[in-house]
Structure formats: C-alpha cells, structure tokens
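Heavy-atom basis, side chains included; hydrogens, waters and symmetry copies ignored. In what follows, residues are counted from 1 in the order of the sequence shown.
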Amino acid sequence: MSQSLKLIKEHVSNPKFWLIIGVGVAGIVVLVETRRRTRRNKTHKQDFGAFVERFEILPFPQLPPPAAKQSLSALTFAINETFDVKGYVTGFGNPTWKSTHKAAEKTAVVVTALLKSGATCVGKTVVEEFSFGISGENKYYGTPTNPRMPSCTPGGSSCGSAVAVAAGLVDFAVGTDTVGCVRVPAALCGIFGFRPSHGAVSTIGVLPNAQSLDTIGLFACDPSILHRVGHVLLQLSSVETRRSRRIIFADDLFQLSTIPTQRTIHVIGKAIENMSGYQDPKHLNLCQYIESKVPSLRLHEQSTHQQNETSILKTISSVMLLLQRYEFKTNHEEWVKSLKFKLGRGVPDHVIAAISTVYDNIKALYKVRTEMRGAFQSLLEDDGILVIPTVADNLLKLNTTKGFSSEFHDRTFALSSIASVSGCCQVTIPLGYHDGYCVSVSFVSFHGADKFLLDTVLDIYSTLRERVSVGSDLLSLPDVNGNRETSELLKEKGNAAFKEKQWSEALNYYTEAIKLNGTNSTYYCNRAAAYLNFQDAAEDCSKAILLDKMNVKAYLRRGAAKESLLCYEGALEDFKHALVLEPQNKDASLAEERLRKLMS
C-alpha cells in the first residue's frame with residue numbers, strides 16, 4: 001500500500017483531515033477559475049469586449065469586366081447581434097433568447113449587400129438586451145470598453161459596433177438605431193454615426209424593436225468610408241446635380257448642452273464661410289417651430305401636463321418611447337410571457353414596462369409622427385441642413401445607473417427623438433475633445449435626403465477639421481486637448497503623402513505628430529512604414545509595441561524589417577506573434593511560411 005493511501009486510512013475518521021482536504025480542493029477550484037477569468041479578461045481586452053462572436057464571411061467574387069469594381073473591396077465590417085447570418089443564431093443581446101431560437105436560414109439583406117460590394121464580415125458585436133437602452137451595458141456579455149475613454153460607458157444600444165470601429169478593429173460597422181442607438185454611441189466614442197431616413201434601408205433579416213422607429217445605422221472613423229457604405233446600402237447613384245445648402249442652427253437645442261456650444265457654432269460658421277454653394281447660416285428656435293407646426297403634439301402635451309417651451313422636446317421623446325414600447329410589446333409579448341419564470345429577475349425594467357403597460361390612443365402617437373415629418377419637410381425643403389447637438393452631456397462613468405435613469409436619459413432622448421419621430425436622416429460628426437471628452441455635432445436633413453446629407457458631410461468635414469485642429473477656434477482654447485487633434489491631422493497628412501509615395505514628406509508629418517503626442521503607437525508604426533532605412537523602421541516598430549502590445553501591424557513591419565536585415569529568427573518570432581494576435585492574418589501566415597522555407 002502506498003504511503004498516501006496509508007495516510008488516508010489512518011486519518012479517515014478525523015474531521016480535521018477532511019477539512020484540510022476540502023480547503024485544498026477549494027483552492028484548486030479557485031485557482032482554475034482565476035486562470036479561466038484571466039484568460040477571458042485577456043481576450044476581452046484584445047477586442048475591447050466589442051464582439052460576442054468572431055467569424056469570417058468572405059465577400060462575393062469580383063465579376064469580370066466590364067462589371068464595375070466592388071466599391072467596398074478590402075474593407076472589413078462587423079454587425080450587431082440583431083442581424084441574421086445563415087447558420088448562426090441571432091442573439092438579441094440575451095442568452096435566453098438565443099437558447100430558445102434556431103439558427104437563421106437566410107442572411108440579412110443588408111449584410112448580403114455589403115458582401116456583394118466586396119466587404120468582409122468578421123463577426124457579431126455586443127448589443128444591449130433586446131436593443132433597448134443607450135448606456136451600452138449588457139450584464140450577460142459585459143460592457144464594451146470605450147477606446148477613447150475607458151472609464152466611461154460607450155453608449156448604446158449598438159455599443160459593440162461603435163467600439164469595434166473606434167478601436168480600429170474594423171473599417172466600418174452596422175447597428176440598429178431606434179431611439180438614438182447608433183447616434184449616441186458614435187458621439188460618446190468620437191466617431192461618425194449615420195441614421196438613414198426611416199425605411200430607406202431594408203430591415204429584412206433584422207430583429208425588430210419598434211418598426212416605425214427602427215433603422216439600419218452605420219459607424220465609421222472616416223467620412224469617405226461612411227459615404228461609400230451609405231451609397232451601397234441606400235442603392236444610390238454617384239451622380240447628382242450640385243445643390244446649394246442652407247445651414248440652420250437650432251439655438252434652443254444648443255442651450256440644453258452642458259458642453260460649451262458657441263464654439264461649435266462658430267467653428268461650423270467659419271468652415272462654410274468661404275465654401276462655394278453654402279448660404280449664410282440661419283438661426284432658429286426649433287421648439288417654437290415644432291409647436292406651431294405639429295398641433296397634435298400640443299394635445300399630447302396637455303394630456304401629460306407639460307406646459308413650457310422646452311417641454312415640447314420631452315413630449316416628443318415621450319411619444320417616441322411610448323411608440324417603442326407599444327411596438328416592442330406587439331412584436332415580442334408572446335415570447336416574453338412564455339418564458340416569464342425562466343427569465344425571472346433577468347428581465348430589464350424597460351422590457352417589463354413595455355410588456356405590462358396598457359396603451360391608449362395609439363393613433364394619436366402615429367399622428368404626431370406624420371405631422372413631424374411634414375413639419376421638417378417644410379423647414380428643410382430640398383437644401384436644408386439642421387445643426388443640433390448629438391448629446392447634451394459628457395460621458396457617464398461606468399456603473400452610474402442612477403445617472404442613466406434620470407437626467408442623462410431625458411436630455412439624450414429629447415435630442416434623439418427629433419430624427420426618430422420625424423423619420424429624418426442624421427449624421428453624428430466628431431469634432432474633437434472638451435475636458436478630455438469627445439465632442440460631436442449632428443447634421444439632420446429631411447426624409448429621403450440621405451445622399452444630400454452624406455455628400456454634405458464629406459464635402460465639409462476636411463474644412464471643419466482644419467478649423468478645429470489648426471485654427472484659432474475650438475481646440476486651441478485652454479480647456480480642450482489641441483495637441484491630440486493636431487497630431488491626428490498631421491498623421492492623416494502623413495498617410496496621404498505615403499499613398500502618393502512621398503516618403504520624406506510622410507516621415508516629416510509622422511515625426512511632427514509624435515512630437516505632439518508621443519504615446520500613440522500608430523504614429524510610430526506608420527513612420528516605420530515610411531522609413532527607407534530598415535534599422536530605423538525596426539526601432540520605431542519596437543517603440544510602437546512598447547506602447548501597444550496588441551499592434552499587429554507593428555509586429556508585421558518589424559518582422560519585415562528584420563527579414564531585410566537578414567535577422568531571420570527575430571523576424572520569424574514577430575510573424576508568429578502577429579499570428580497569435582490574429583490567427584487569420586494572411587500576411588503573417590505567408591511571411592512565416594516563407595521564412596521557414598528560407599531557414600530550412
């Protein structure tokens with residue numbers, strides 16, 4: 001008999017012996033769980049918690065000439081968990097929903113259109129449960145990390161898609177916008193967000209929240225990518241007669257904002273001052289205009305006992321939220337009730353409220369919606385752009401549910417309800433930072449003017465950035481981070497020079513960007529690509545990796561530089577590391593294979 005078995009036999013009746021055994025087993029369990037959570041957290045950090053499911057769906061093959069080149073060729077994108085993909089279960093941000101539904105038999109029309117245009121889909125992103133909410137928090141899949149402000153929420157409900165774009169994980173992403181679910185996270189993550197006109201983009205194959213408000217929305221960091229993808233989804237022709245543009249500032253809405261807004265208005269006014277086709281900007285009290293043009297809203301306002309000018313916005317947001325809850329109940333009441341006991345306490349409060357409320361006089365809500373669309377058609381006609389704040393407040397810190405339940409919700413919904421109820425199209429435009437927080441503004445145009453709006457954003461944005469970054473306007477003031485924005489402008493100029501093969505010019509731009517912001521890994525990595533000296537390139541890549549150990553391009557470029565310097569073992573290690581970070585990376589795979597053959 002072994003020594004350990006003898007020991008067990010001798011002490012089997014001793015309670016202290018079993019206590020020691022129990023503590024030992026518990027320790028092992030805790031150790032295993034700790035390691036599992038550590039691995040999970042590393043994965044979480046790797047993609048900022050943006051994805052719930054990773055896969056790769058390659059684009060449709062390019063048709064031979066004379067067919068036009070695929071307009072989204074080489075771009076990657078992600079979709080949130082409301083879009084059907086054949087063979088995958090559409091999760092709706094809730095594991096119980098996912099476990100009670102079958103895999104989709106067809107892929108959503110939107111996703112198919114993007115694949116046909118040459119883009120590659122790389123996964124599904126986190127969405128708030130049932131596409132409800134604007135915080136970006138999901139208790140089952142976690143809250144994606146806001147890349148611009150990690151201590152703050154990313155906004156929702158299409159939080160994962162916004163984070164994937166802001167973190168540079170994809171070129172663009174698709175989400176759904178019902179009550180601000182694309183526009184709000186775009187503003188809080190400092191990227192572009194586009195809500196098309198209601199009904200302009202097909203929602204076939206997308207789980208509905210509230211059909212009369214639901215739209216397919218887009219995220220991008222680059223306005224030209226937003227423009228290209230928008231054209232694909234809206235099935236627009238690239239030719240349109242140039243129109244003049246009327247910029248209208250909603251002065252009363254800017255007064256709602258806690259962020260200094262006169263600077264924003266000033267920057268936009270200065271940007272269009274010398275641009276052709278732009279009329280002198282106008283100023284408007286939007287609440288007064290709506291009150292005079294939407295009579296049914298006044299009746300609704302009286303029924304809710306709200307009787308002042310700014311209460312018009314609260315009334316519109318009230319109409320929006322009632323419509324959302326009523327239509328959600330119509331769509332999903334049967335499923336929620338069938339699983340009442342299984343869901344238990346896991347049902348979010350807003351879902352319970354939507355299902356349990358009895359809705360009276362629904363026709364009056366739809367009448368407000370119809371009158372709002374007509375009012376904005378009259379206001380904007382065929383050349384108007386309404387300028388409003390996207391959100392009224394700075395980002396909220398994580399786990400501040402008290403703030404989300406009251407003032408932040410009210411003020412944010414008040415602004416987002418304008419396009420949601422009227423059906424207008426809206427683009428969130430990032431402008432920079434204030435006190436370290438992202439600042440944005442929104443352009444709104446009439447229902448059906450999507451191309452006009454996208455063209456306007458593309459036309460004006462470079463001038464806006466120049467005014468913001470290097471002028472004497474917004475970010476040169478002491479309470480805004482000017483260096484960060486100026487360095488981004490220099491990086492973009494470096495990228496443009498690099499594309500034109502102007503290596504020396506690109507190096508100068510990247511170097512100036514590094515002087516202003518020496519903690520940005522991308523600047524070093526980009527400068528490495530512009531170097532003709534392989535040793536300098538390798539050193540810059542090493543600096544980039546020190547700043548960001550997840551920078552795949554830095555490993556690839558350092559590996560290429562080492563290979564050119566005949567340091568094959570070091571190069572191979574870099575290519576292998578790139579593959580660990582991105583197992584599907586074709587460049588890293590081919591480089592590793594090439595080096596192995598060379599070394600053998």
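Looking at heavy atoms from C-beta onward, I272 lies out of side-chain contact with R245 at the 4.5 angstrom threshold. Residues L234 and K451 have side chains not in contact (no heavy-atom distance under 4.5 Å, counting atoms from C-beta outward). V580 has its side chain out of reach of Y555: every pair of non-hydrogen atoms, C-beta onward, lies at least 4.5 Å apart. At a threshold of 4.5 Å between non-hydrogen side-chain atoms, the residues T456 and F452 count as touching. Counting heavy atoms from C-beta on, the side chains of F194 and D450 come closer than 4.5 Å. Here the side chains of Y461 and P430 are in contact, with some heavy-atom distance below 4.5 Å. The shortest side-chain heavy-atom distance between D455 and H231 falls under the 4.5 Å cut-off. Side-chain contact check for Y524 versus I545: every heavy-atom pair is 4.5 Å or farther apart.
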Which is it for E500 and E505 under the side chain to side chain contact (heavy atoms under 4.5 Å, CB included) test, yes or no, and what are the steps along the way? CA-CA 10 Å; E500 296 297 323; E505 205 171 322; over 6 Å; no
Working for side chain to side chain contact (heavy atoms under 4.5 Å, CB included), residues L454 and L226: CA-CA 8 Å; L454 290 172; L226 189 81; 4.0 Å; yes
With side chain to side chain contact (heavy atoms under 4.5 Å, CB included) as the test, would you mind laying out the steps for V174 and S161 before giving the verdict? CA-CA 6 Å; V174 186; S161 289; 5.8 Å; no
After noting the C-alpha distance and the side-chain angles of E593 and R596, does the key distance pass the salt bridge (charged side-chain N to carboxylate O under 4.0 Å, His left out) rule? CA-CA 5 Å; E593 187 180 347; R596 287 191 185 280; over 6 Å; no
For V182 and T176: C-alpha separation, side-chain torsions, deciding distance, then whether side chain to side chain contact (heavy atoms under 4.5 Å, CB included) applies. CA-CA 6 Å; V182 163; T176 49; 5.9 Å; no
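Between the side chain of T107 and the backbone N or O of K86, at least one donor-acceptor pair lies under 3.5 Å. The backbone N or O of A271 sits nowhere less than 3.5 Å from a side-chain atom of T463 that would complete a donor-acceptor pair. Distance alone, capped at 3.5 Å, is enough to place a donor-acceptor pair between the Q70 side chain and the F60 backbone. Judged purely by atom type and a 3.5 angstrom limit, D171 has no side-chain atom pairing as donor or acceptor with the backbone of I225. Within the 3.5 Å criterion, the main-chain N or O of G190 finds a donor-acceptor partner in the side chain of R148. Put simply, the side chain of E128 gets close to the backbone of S135: a donor and an acceptor are under 3.5 Å apart. The closest donor-acceptor contact from the side chain of K553 to the backbone of N526 lies at 3.5 Å or more, if one exists at all. A donor-acceptor contact shorter than 3.5 Å links the side chain of Q62 to the backbone of A68. Put simply, the side chain of T215 gets close to the backbone of D177: a donor and an acceptor are under 3.5 Å apart.
Between the side chains of D84 and T90, at least one donor N or O sits under 3.5 Å from an acceptor N or O. In the model, S416 has no side-chain atom that pairs as donor or acceptor with a side-chain atom of R183 under 3.5 Å. A donor and an acceptor atom, one from each side chain of Y523 and R527, are nowhere located under 3.5 Å apart. Side chain to side chain, N495 and Y510 meet the donor-acceptor criterion of an N or O pair below 3.5 Å. Looking only at atom types and distance, the side chain of S157 has no donor-acceptor partner in the side chain of S131 under 3.5 Å away. A donor-acceptor pair shorter than 3.5 Å cannot be found between the side chains of N80 and T125. D459 and Y278 share a side-chain donor-acceptor pair at under 3.5 Å.
Shown here for L464 and V267, the closest heavy-atom pair between the two residues is CD2-CG1, 3.9 Å. The two atoms that bring A571 and E563 nearest to each other are CB-N, 3.7 Å, heavy atoms only. For G175 against S158, the heavy-atom pair with the smallest separation is CA-OG, 3.6 Å. Across every non-hydrogen atom of N138 and G93, the tightest pair is ND2-O, 3.0 Å. The shortest heavy-atom contact between P144 and G136 is CD-O, 3.5 Å. Between A554 and C525, the shortest heavy-atom distance links the atoms N-SG, 3.6 Å.
The ring-ring contact (aromatic ring centres under 6.0 Å, His included) check on F77 picks up F172, with sequence neighbours excluded.
To the nearest 0.5 Å, the span separating CD on E81 from CZ on F92 amounts to 10.0 Å. Between I57 atom CD1 and I79 atom CD1 the span is 6.5 Å, to the nearest 0.5 Å. Atom CE in M275 sits 6.5 Å away from atom OG in S462 (nearest 0.5 Å). Distance check, rounded to the nearest 0.5 Å: CG of D536 to CG of L507 gives 9.0 Å. Once rounded to the nearest 0.5 Å, the distance linking OG1 of T76 with CG of L114 reads 11.5 Å.
Taking a 6.0 Å sphere around CZ of F534, one finds it holds 12 or fewer heavy atoms contributed by other residues, nucleotides or ligands. No more than 12 heavy atoms of other residues, nucleotides or ligands sit less than 6.0 Å from atom CD of E569. By the neighbour-count criterion of 12 heavy atoms within 6.0 Å, atom NZ of K116 is sparsely surrounded, having that number or fewer from other residues, nucleotides or ligands.
Under 4.0 Å is where a charged nitrogen must lie from a carboxylate oxygen, and between K543 and E539 no such pair does. The pair E573-K562 does not count as a salt bridge, with every side-chain nitrogen at least 4.0 angstrom from each carboxylate oxygen.
By the 30° and 60° cut-offs, the orientation of the rings of F55 relative to Y88 is tilted.
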